[in-house]
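Below is one structure, written out as structure tokens; the observations come after it.
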Amino acid sequence: MRDGMRDGAAELGAAAAAALLLAWYDRHARVMPWRTSPADRAAGERPDPYRVWLSEVMLQQTTVAAVRAYFRRFTERWPTVADLAAAADADVMAEWAGLGYYARARNLLKCARAVVADHSGEFPDTEVGLRTLPGIGPYTAAAVAAIAFDEPAVVVDGNVERVVSRLHAVETPLPASKPALVALAAGLTPQQRPGDFAQAMMDLGATICTPRKPACGICPLWSLCAARAAGIAADLPRKSPKPAKPTRRGIAYVAVRADGAVLLETRPAKGLLGGMLGFVGSDWSEDPVPAPPLDAGWSPAPFAVRHTFTHFHLELTVHLATPPQTAAPTRGSFTPRDAFRPGDLPTLMLKVWQAAEPHLP
DNA sequence: TAAACGTGGAG
DNA sequence: TCTCCAAGTTT
């Protein structure tokens with residue numbers, strides 16, 4: 001059984017924290033293309049669920065600075081979920097190129113098509129309903145429900161984990177502490193303005209309650225923060241150590257015909273860079289197996305391409321060739337030079353192209 | 001539960 | 001150079 005008096009005190013503290021945070025947000029909310037201002041909402045304007053969803057997916061593990069340009073291009077090219085659902089896969093993957101975590105783009109299309117096919121073109125207006133869609137997990141479902149539909153869902157991202165772990169001085173390391181942090185966040189979440197509250201928590205984490213050197217001196221929750229009082233704010237949240245990254249190697253084959261056509265392939269829909277355009281190559285492993293896609297006078301390029309993924313370093317050797325017009329590759333196909341936009345490539349492949357291009361005849 | 005899954009910026 | 005980290009989801 002829970003202690004009624006202590007619960008009452010905790011509720012008062014939670015209400016105070018939410019009120020302080022919302023007051024701070026009203027003065028300091030950052031302007032972003034996917035947000036409506038409190039003033040606009042007071043005038044009756046509602047956030048567009050499509051834009052809220054699109055921004056939240058783009059923002060998964062990705063900085064606001066990186067997302068801005070992509071959000072603008074996507075919404076200009078595909079203004080509604082129906083427009084996106086009707087887009088060609090290759091166009092969406094190309095537009096996402098460079099943003100990373102490409103499963104998001106694949107699921108983005110699946111989700112848009114599911115909304116059109118199964119939900120009459122309207123996003124479900126509850127956390128539970130949203131959770132059933134591809135690419136929408138616990139965080140995104142709660143965020144869209146709160147921001148677009150005013151549902152008091154408990155929104156917990158990395159910012160909220162940090163803010164809450166400090167506010168309550170939770171010393172258990174992540175990810176073990178996650179359930180406790182969600183419970184604490186639930187206790188803070190108000191019934192009124194849940195969308196603003198969620199965005200306020202995330203803005204606070206992004207601008208004041210930062211991972212390193214938090215600006216406790218100007219924090220609206222200063223007076224309520226247990227970690228600040230204990231002098232350990234900068235040490236929280238504690239995290240379990242991460243495993244070291246191994247180095248893998250591979251070979252990329254860059255073939256450009258005399259007419260300028262470039263050999264490219266669309267990568268398999270699963271796995272690393274899945275669904276993205278790229279150069280044909282070997283596997284990536286400790287001991288890669290060469291796999292030239294056609295008989296040609298391949299010559300090793302005088303450089304290597306290094307790239308680091310989430311869980312390993314990659315060192316690519318590049319082989320160059322200028323095959324005849326008649327060459328028939330076993331993998332990929334030759335793309336006319338004027339149809340090849342290097343910007344459609346994921347960053348690793350763009351690095352390969354930028355390194356190889358000056359060495360072509 | 002843990003591993004897979006990108007990238008660019010900050011310190 | 002190198003580690004950490006950013007509005008996580010899927011398998």
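Side chains included, hydrogens not; waters and symmetry mates left out as well; all remaining heavy atoms used. To find a chain, count down the sequence lines: A is the first, B the second, and so on, and within it residues start at 1.
Within 4.0 Å of A:Thr310, counting heavy atoms only, lies at least one base atom of the nucleic acid. The residue A:Val64 sits close to a base: some heavy atom pair falls under 4.0 Å. Among the atoms of the strands shown, only primed sugar atoms or phosphate atoms (P, OP1, OP2) are found under 4.0 Å from some heavy atom of A:Arg162. At the heavy-atom level, A:Ile136 lies under 4.0 Å from the strands shown only through sugar-phosphate atoms. A:Pro175 comes within 4.0 angstrom of no nucleic acid atom, judged by non-hydrogen atoms across all strands.
Remark: A:Glu161 engages A:Lys178 in a salt bridge, criterion side-chain N to carboxylate O under 4.0 Å. Comment: A:Arg249 does not engage A:Glu286 in a salt bridge, judged by the lack of any side-chain N to carboxylate O separation of less than 4.0 angstrom. Of the charged side-chain nitrogens involved, none lies within less than 4.0 Å of a carboxylate oxygen, so that A:Arg248 and A:Glu315 do not count as a salt-bridged pair. A salt bridge between A:Asp89 and A:Arg113 is present, with a side-chain N of the basic residue lying under 4.0 Å from a carboxylate O of the acidic one.
Remark: A:Tyr253 engages A:Trp298, A:His319 in a ring pair (Phe, Tyr, Trp, His ring centres under 6.0 Å) (not counting sequence neighbours). Residues satisfying the ring pair (Phe, Tyr, Trp, His ring centres under 6.0 Å) criterion with A:Phe123, sequence neighbours excluded, are A:Trp53. For A:Phe71, the ring pair (Phe, Tyr, Trp, His ring centres under 6.0 Å) criterion is met by A:Trp34, not counting sequence neighbours. Legend: residues meeting ring pair (Phe, Tyr, Trp, His ring centres under 6.0 Å) with A:Phe340, ordered by chain and number and at least two apart, are A:Trp353.
In the 5' to 3' direction, nucleotides of DNA chain B lying under 4.0 Å from heavy atoms of chain A begin and end at B:dA4 to B:dG8.
For residues 183-200 of chain A, the side-chain hydrogen bond (donor to acceptor under 3.5 Å, both in side chains) pairs, not counting sequence neighbours, are A:Asp26-A:Arg193, A:Arg35-A:Gln199, A:Arg41-A:Asp196, A:Arg193-A:Asp196. Applying the ring-ring contact (aromatic ring centres under 6.0 Å, His included) rule to pairs touching residues 155-178 of chain A yields nothing, sequence neighbours excluded.
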Item to check | Verdict with supporting geometry, A:Tyr139 and A:Glu56, side-chain hydrogen bond (donor to acceptor under 3.5 Å, both in side chains) | outcome: CA-CA 9 Å; A:Tyr139 162 76; A:Glu56 290 301 341; 2.5 Å; yes
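For A:Lys351 and A:His311, each mapped to the nucleotide of DNA chain B holding its nearest heavy atom, the one lying further toward the 5' end belongs to A:His311. Where A:Pro243 and A:Gly274 each meet DNA chain B at their nearest nucleotide, the meeting point lying more 5' is that of A:Pro243.
Other members of a hydrophobic cluster containing A:Val116 are absent, since no ILVMFWY side chain comes under 4.5 Å of it, directly or through relayed contacts.
Residues A:Leu277 and A:Pro346 share a closest heavy-atom pair of O-CD, 3.1 Å. A:Pro323 approaches A:Val256 most closely through the heavy-atom pair CD-O, 3.7 Å.
Computed from coordinates, the A:Tyr101 OH to C:dT10 P distance equals 14 Å when rounded to whole Å. Atoms CZ (A:Arg131) and P (C:dT9) sit 7 Å apart, rounded to a whole Å. For A:Leu130 and C:dT9, the CG to P distance is 12 Å, given to the nearest whole Å. One can place NZ of A:Lys239 at 12 Å from C1' of C:dG8, the figure rounded to the nearest angstrom.
Remark: A:Glu56, A:Leu59, A:Gln60, A:Gln61 in residues 47-61 of chain A come within less than 4.0 Å of DNA chain C through at least one heavy atom. A heavy atom lying under 4.0 Å from DNA chain C marks the following residues of residues 19-32 of chain A, by number: A:Arg30, A:Met32. Heavy-atom distances under 4.0 Å link DNA chain B to A:Gly98 of residues 76-98 of chain A, given in residue order. Taken residue by residue, residues 189-214 of chain A places heavy atoms nearer than 4.0 Å to DNA chain C at A:Met202, A:Pro211.
Taking the ring centroids of A:His311 and A:Phe309, they lie at or beyond the 6.0 Å cut-off.
Distances shorter than 4.0 Å separate none of the side-chain N or O atoms of A:Lys245 from OP1 or OP2 on C:dT3.
For the pair A:Val280 and A:Pro329, the minimum side-chain heavy-atom distance is 4.5 Å or more.
Under the 3.5 Å distance criterion, the side-chain polar atoms of A:Thr140 are left unmatched by any main-chain donor or acceptor of A:Val57.
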